[in-house]
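The structure under discussion appears below in the form of structure tokens.
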2 protein chains.
Amino acid sequence: MIPAKTMKPKAESILEAAGEIFAEQGYRKTTVREICKRCKVNLAAINYYFGDKDHMYLACLKHYQSIAAQKVPFNFGINPSASPKEKLSTFIQTFIFRLLEEGKQTLFGKLLAREFIEPTGALDALVEESIKPSFYLLSSIVREVLGNNCTDQEVELCTMSILGQCLYFRNAQPIIFRLRNKDTFSEEDIKEIAEHIINFSLKALDNY
Amino acid sequence: MIPAKTMKPKAESILEAAGEIFAEQGYRKTTVREICKRCKVNLAAINYYFGDKDHMYLACLKHYQSIAAQKVPFNFGINPSASPKEKLSTFIQTFIFRLLEEGKQTLFGKLLAREFIEPTGALDALVEESIKPSFYLLSSIVREVLGNNCTDQEVELCTMSILGQCLYFRNAQPIIFRLRNKDTFSEEDIKEIAEHIINFSLKALDNY
DNA sequence: ACGTGTTTTAAATTTATGTTTAAATTACTT
DNA sequence: AAGTAATTTAAACATAAATTTAAAACACGT
């Protein structure tokens with residue numbers, strides 16, 4: 001990843017605008033004309049700086065990947081000397097806030113969600129670089145909570161149960177907002193959701 | 001929804017082919033040329049029968065919605081006199097099989113998943129007709145399991161925890177397959193997943 | 001078999017969008 | 001300040017895709 005400091009300001013403003021629009025509309029629906037209009041650069045700028053739309057998209061993913069990585073450290077801010085349950089709580093809380101909070105750092109998650117449904121070829125690298133590390137972090141915590149009397153398969157499934165709960169609240173926003181007659185999550189909502197998932201998951205793991 | 005019987009055979013074959021390709025590639029990436037090629041009709045047939053690509057897409061959603069509805073009855077095959085926990089087991093099992101089993105009836109789920117990420121305007125009706133009924137069915141079961149000492153909010157959150165777990169196994173397939181070095185779920189895998197989610201969720205609800 | 005309405009076809013048209021070009025402008029170096 | 005490289009611009013270009021058209025083929029009741 002090219003550090004932001006060394007990137008041309010115009011190139012960076014393209015990536016910023018592009019990320020917003022890609023996250024809203026997906027790769028195909030997004031036109032280079034719309035991106036250039038949003039950040040007020042000439043239509044030819046994308047090809048000038050990035051070669052073509054596709055390379056610009058990849059640069060955009062990396063740009064937001066690095067923003068997300070800055071915002072949430074690799075270890076999710078988990079204290080290695082905390083108890084397993086505390087670690088799990090911290091993980092869930094951090095993950096949920098990263099998914100649901102408004103702001104630049106959530107764009108990467110949205111772009112990632114699109115890649116799942118409509119992979120562009122960038123997915124393999126993203127899974128390796130961004131998703132697997134978080135998955136393995138969580139599954140190591142789950143193993144600690146469950147103790148050593150359980151199989152890898154059980155750990156894996158429980159890890160997925162927790163991730164699934166978290167991701168639902170982002171992926172199913174169109175339903176949730178319709179059920180609740182709202183169209184955002186408040187800070188309070190997010191807190192409640194995180195607490196619920198922590199609670200629900202610990203209950204399940206405790207008696208596993 | 002126009003019953004299949006009254007639909008022109010050619011129109012129906014277009015919807016069949018279209019559904020497969022839309023589910024694979026999404027609305028934008030799918031071209032009318034490709035659909036017409038797949039079902040061996042002339043390029044103009046889509047406009048002739050449906051007016052334009054967009055109306056054909058809507059007809060396609062309805063077509064597969066009705067196929068899915070035929071395959072899985074409205075009540076998920078739940079026996080009203082079963083115990084709450086048995087009802088929950090049946091619901092999860094049915095839901096997971098519907099999501100993960102290969103076949104026509106899963107296409108609707110895939111199309112629905114795309115709508116979430118990239119709504120085309122059909123989403124409102126789909127939420128009302130297909131999603132809310134299932135959601136309310138599950139939440140009524142969750143309420144039975146939890147008993148009456150819990151708030152609507154708690155019931156709602158637990159319902160989402162269960163749905164989230166189930167949907168993860170479809171939405172996160174690109175990760176799961178990479179973690180497991182496979183690219184399908186076997187019948188056995190699906191059974192294990194369903195059992196796990198039932199187990200995990202009942203443990204959580206029991207101690208709620 | 002005739003005629004009418006429907007369906008099918010290949011080709012033409014239109015539109016949207018990514019990309020290239022070449023000239024104009026700006027920034028930088030000596 | 002002159003000259004060179006980098007950037008910006010508007011316009012042109014290319015391509016791919018949806019849509020339309022009009023003629024041909026077909027189906028079917030009389």
Side-chain angles (χ1 to χ4, degrees), chain A residues 2-63 111 114-115 118-122, chain B residues 2-63 111 114-115 118-122:
Chain A
I2 304 163
K5 282 178 185 177
T6 69
M7 203 183 320
K8 303 284 166 67
K10 193 155 286 192
E12 203 182 341
S13 83
I14 288 171
L15 298 183
E16 291 279 317
E20 292 171 16
I21 304 179
F22 282 136
E24 273 169 46
Q25 316 202 321
Y27 180 79
R28 288 190 178 265
K29 194 170 177 184
T30 300
T31 67
V32 297
R33 280 176 173 77
E34 195 181 355
I35 294 167
C36 292
K37 198 176 165 192
R38 166 103 46 125
C39 62
K40 300 188 178 69
V41 303
N42 185 270
L43 177 58
I46 286 175
N47 297 284
Y48 180 74
Y49 282 105
F50 301 100
D52 56 23
K53 182 186 175 185
D54 206 65
H55 283 88
M56 183 270 289
Y57 174 73
L58 293 175
C60 180
L61 281 179
K62 298 215 162 190
H63 177 71
L111 295 170
R114 289 196 171 282
E115 277 294 323
E118 196 157 5
T120 64
Chain B
I2 302 164
K5 283 178 186 175
T6 71
M7 204 181 319
K8 303 283 164 68
K10 194 155 284 190
E12 202 182 342
S13 83
I14 289 171
L15 298 184
E16 291 280 317
E20 291 171 17
I21 304 180
F22 282 136
E24 272 171 46
Q25 315 201 323
Y27 181 79
R28 303 229 152 226
K29 194 171 177 182
T30 300
T31 67
V32 297
R33 278 176 173 76
E34 195 181 357
I35 295 166
C36 292
K37 198 176 167 193
R38 166 103 44 123
C39 61
K40 299 186 178 70
V41 302
N42 183 269
L43 177 58
I46 286 176
N47 296 284
Y48 180 73
Y49 283 105
F50 301 101
D52 57 24
K53 182 184 174 185
D54 208 63
H55 283 88
M56 183 270 289
Y57 174 73
L58 293 175
C60 179
L61 282 178
K62 298 216 159 186
H63 177 71
L111 295 170
R114 287 193 176 284
E115 276 294 321
E118 197 155 5
T120 65

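All figures in this text were calculated on a predicted structure; none of them were measured in a lab. Just the heavy atoms: all of them, side chains too, but no hydrogens, waters or symmetry mates, feed the values below. Below, chains carry the letters A, B, ... as their sequence lines are ordered, and counting in each starts from 1.
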Just jot down the side chain to side chain donor-acceptor pair (under 3.5 Å) partners of A:Asn47, sequence neighbours excluded, or say none.
-> none
Report yes if some heavy atom in the side chain of A:Met56 is under 4.5 Å from a heavy atom in the side chain of A:Ile35; otherwise report no.
-> yes
Looking at B:Tyr57, B:Phe50, B:Tyr49, B:Phe22, which hits side chain to side chain contact (heavy atoms under 4.5 Å, CB included) with B:Leu15?
-> B:Phe50
Which pairs, protein N/O on one side and nucleotides 16-19 of chain C N/O on the other, fall under 3.5 Å?
residue, atom, partner, partner atom, Å
C:dG18, OP1, A:Thr30, O, 3.4
C:dG18, OP1, A:Lys53, NZ, 3.0
C:dG18, OP2, A:Val32, N, 2.8
C:dG18, N7, A:Arg33, NH1, 2.8
C:dG18, O6, A:Arg33, NH2, 3.1
C:dT19, OP2, A:Asn47, OD1, 3.4
C:dT19, OP2, A:Lys53, N, 2.9

Whether B:Asp52 side chain and B:His55 backbone form a donor-acceptor pair below 3.5 Å | yes
Test salt bridge (charged side-chain N to carboxylate O under 4.0 Å, His left out) applied to A:Glu20 - qualifying residues, sequence neighbours left out |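 Only A:Arg38 meet the salt bridge (charged side-chain N to carboxylate O under 4.0 Å, His left out) criterion with A:Glu20.
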A:Arg114: what forms a salt bridge (charged side-chain N to carboxylate O under 4.0 Å, His left out) with it, not counting sequence neighbours?
-> B:Glu118
Would you kindly give the NZ-to-P distance between B:Lys37 and C:dA10, to the nearest whole Å?
->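 Interatomic distance, NZ of B:Lys37 to P of C:dA10: 15 Å.
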Length of the line joining A:Asn42:CG and C:dT21:P, which is rounded to integer Å |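 Interatomic distance, CG of A:Asn42 to P of C:dT21: 16 Å.
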Heavy atoms only: give me the nearest B:Cys39-B:Ser13 pair and the separation to one decimal.
->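 Heavy atoms of B:Cys39 and B:Ser13 come nearest at CB-O, 3.7 Å.
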Is the distance from OP1 or OP2 of C:dT7 to the nearest side-chain N or O of B:Lys10 less than 4.0 Å?
-> no
What side-chain hydrogen bond (donor to acceptor under 3.5 Å, both in side chains) pairs are there with at least one residue in residues 23-36 of chain B, not counting sequence neighbours?
->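 Listed by first then second residue: B:Tyr27-B:Asp54.
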For A:Phe50, report the nucleic acid contact type (base, sugar-phosphate, nothing); a contact means any heavy atom under 4.0 Å.
->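 Result for A:Phe50 = nothing.
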Walk along DNA chain D from 5' to 3' and tell me the first and last nucleotide with an atom closer than 4.0 Å to a non-hydrogen atom of chain B.
->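 With heavy atoms of chain B under 4.0 Å away, the range is D:dA17 to D:dT21.
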